[in-house]
Amino acid sequence: MKRMIIQGGNRLSGEVTIGGAKNSTVALIPAAILADTPVEFDTVPDILDVHNLMIILESMNVKSSFTHGFLEIDPTQIIEAELPSKAIKSLRASYYFMGALLGRFHRATLTFPGGDNIGPRPIDQHLKAFKALGASVSENNGTVHLDAPNGLHGTRIFLDMVSVGATINTILASVRAKGTTVIENAAKEPEIIDLATFLNNMGAQIRGAGTDTIRITGVDTLQSMNTHTIIADRIESGTYLAMAAAVGDGVMVHNVIPEHLESFTSKMIEMGVDLQIDSDKIYVPRVKHLKAIHVKTMPFPGFATDLQQPLTPLMSLADGDSTIVDTIYPKRVKHIPELQKMGMNIEAHDGMIVVKHTDHLHGAEVSAGEIRAGASLTIAGLMAEGTTIINNAGNILRGYDRIVWKLNRLGAQVSIEDDSSVKI
């Protein structure tokens with residue numbers, strides 16, 4: 001168990017560079033096992049999820065090496081093997097191995113994935129797609145068995161709800177299937193486009209990624225010919241933009257894709273933050289006065305559910321009451337009692353989060369229930385007077401590339417330590 005120690009009250013200034021997108025990376029690594037050649041990725045974020053995925057690869061005799069943002073994966077000697085349940089349960093995105101293994105071997109067995117507990121996130125749409133492609137599906141004692149002894153065949157699949165995970169898993173399973181697969185009501189997130197770009201560069205035939213209809217014509221082989229550079233992380237970008245507005249004296253955020261952040265930056269501008277947006281960077285000047293806003297999370301290109309929590313501490317500085325309605329994960333409220341411990345005037349009722357103006361935050365001992373709750377507490381800790389201790393900080397490290405180093409370079413006082421009082 002790790003905890004983050006934050007000495008609050010320091011204003012931040014300088015420059016920070018955003019890493020590769022976590023939500024792309026955790027799909028691209030399982031996708032790599034579909035290749036018949038070694039593959040290479042650049043701008044890979046140094047996060048715990050990457051290291052856990054590498055452990056899963058190792059269990060299948062897939063060698064990987066990761067240094068300075070460069071990840072090499074060699075799936076040419078892959079074998080079917082039982083996957084390590086501890087690593088599977090540590091991150092929800094391990095379920096992408098279902099689609100990838102089904103696409104590669106026409107069968108897969110996985111324990112039910114873990115990850116952040118932010119309310120119900122069923123995989124019924126994933127399993128519906130696998131069945132439509134010709135796989136039999138059975139579940140028992142938290143384990144999912146997939147089998148397509150006659151191979152997978154293209155079909156038309158309508159997702160009952162817009163799901164990033166189900167869209168990605170369907171792509172992974174069908175990219176080497178026979179015939180053409182059409183996914184309707186597909187998710188449109190940039191990370192799906194990133195995955196399709198990677199696969200197409202290896203010879204896949206995927207059209208329509210980024211729209212609600214994706215067409216995949218199966219191919220017999222996928223061969224990597226170049227290094228794939230992962231897109232910038234829009235959630236990390238938004239987190240640092242909110243942080244810079246809340247406690248910054250002028251911060252330049254580099255390696256940003258502004259088009260991926262328009263729903264978020266428009267809300268910051270509405271609050272009164274004078275963002276200076278360039279083609280690949282955004283400057284956040286010191287903020288003097290903020291207005292209350294109302295946020296409703298939606299599938300992309302709407303306001304991302306992953307950014308409602310990092311924006312919350314900034315909302316507490318605004319005049320009046322700000323509100324958040326999360327239509328994606330209404331139960332994503334683990335950060336609220338923790339922020340209350342720090343003195344924030346925030347509450348949730350009837351499916352709405354209300355953030356009232358708060359003049360003063362004080363350090364406290366709190367817990368990061370999941371990744372984005374941890375990001376919210378980190379920003380609040382930087383704003384607060386005194387010392388904040390965030391327990392379960394491993395959740396923060398799962399999703400934020402070298403966060404302690406980046407924060408300290410901006411002038412923060414942050415450290416990570418093992419909690420020796422916790423017996424593992």
Side-chain angles (χ1 to χ4, degrees), residues 1-4 6 16 18-29 44-53 86-96 113-121 164-165 168 189-191 230-243 260-261 264 297 300 303-314 324 326 328-339 353 366-382 388-407 414 416 419:
M1 300 289 282
K2 295 183 182 296
R3 55 186 190 175
M4 180 181 284
I6 302 172
V16 63
I18 300 304
K22 166 191 175 290
N23 290 337
S24 277
T25 303
V26 297
L28 289 164
I29 292 174
V44 178
D46 190 354
I47 54 177
L48 286 181
D49 277 8
V50 167
H51 297 281
N52 280 322
L53 288 166
K86 185 176 180 182
I88 291 283
K89 288 181 181 299
S90 72
L91 74 160
R92 184 170 177 81
S94 59
Y95 62 20
Y96 293 136
D116 288 334
N117 180 14
I118 57 175
R121 296 194 287 177
V164 174
I168 288 174
E189 270 68 4
E191 294 80 11
I230 298 172
I231 61 170
D233 193 314
R234 60 197 170 97
I235 310 302
E236 186 191 9
S237 301
T239 300
Y240 279 97
L241 292 174
M243 180 189 300
H260 294 173
L261 285 160
F264 182 79
T297 72
F300 189 85
F303 193 101
T305 175
D306 280 357
L307 283 172
Q308 59 103 333
Q309 290 151 296
L311 190 62
T312 300
L314 182 64
I324 301 167
D326 195 331
I328 312 295
Y329 298 126
K331 298 189 184 304
R332 199 168 202 168
V333 294
K334 283 178 177 286
H335 57 307
I336 292 177
E338 307 305 303
L339 290 170
I353 299 170
V366 293
S367 180
E370 43 104 353
I371 295 174
R372 310 307 171 186
S376 182
L377 294 172
T378 300
I379 297 173
L382 294 167
T388 296
I389 299 171
I390 305 177
N391 295 313
N392 292 316
N395 278 331
I396 304 170
L397 303 180
R398 277 189 50 218
Y400 285 92
D401 172 63
R402 297 172 297 155
I403 185 169
V404 172
W405 179 77
K406 289 182 180 181
L407 291 178
V414 181
I416 291 281
D419 186 352

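Each residue takes its place number in the sequence, starting with 1.
- Relative ring orientation between F303 and F264 is described as tilted, the plane-to-plane angle lying within the 30° to 60° band.
- Using a 4.5 Å heavy-atom cutoff, the side chains of T388 and T378 are not in contact.
- In this structure a side-chain-to-backbone donor-acceptor pair under 3.5 Å is present from D401 to D46.
- Proximity of a side-chain donor or acceptor of D233 to a complementary backbone N or O of K22 within less than 3.5 Å is detected.
- Between I324 and the options L311, I353, T305, V333, a side chain to side chain contact (heavy atoms under 4.5 Å, CB included) holds for only I353.
- Annotation for R234 and F300: closest pair NH1-CD1, 3.8 Å, computed over non-hydrogen atoms.
- A salt bridge is defined here as a Lys NZ or Arg NE, NH1 or NH2 lying under 4.0 Å from an Asp or Glu carboxylate O, and D306 with R372 meets this definition.
- The side-chain contact (heavy atoms from CB on, under 4.5 Å) check on L48 picks up L397, R398, with sequence neighbours excluded.
- V164 is linked by a side-chain contact (heavy atoms from CB on, under 4.5 Å) to Y96, I168, A187, E189, I192, counting only residues two or more places apart in sequence or in another chain.
- For E338 (side chain) and S367 (main-chain N/O), a donor-acceptor pair under 3.5 Å exists by modelled atom type.
- Of the possible polar contacts, none joining the Q309 side chain to the A375 backbone as a donor-acceptor pair under 3.5 Å is found.
- Using modelled atom types, one side-chain atom of N395 and one backbone atom of A368 make a donor-acceptor pair closer than 3.5 Å.
- Here the rule is side chain to side chain contact (heavy atoms under 4.5 Å, CB included) with I390, and of V414, I416, I6 only I6 fits it.
- A pairwise comparison of heavy atoms in I403 and M4 identifies CG2-CE, 4.2 Å as the closest pair.
- The shortest heavy-atom contact between G19 and K406 is N-NZ, 3.7 Å.
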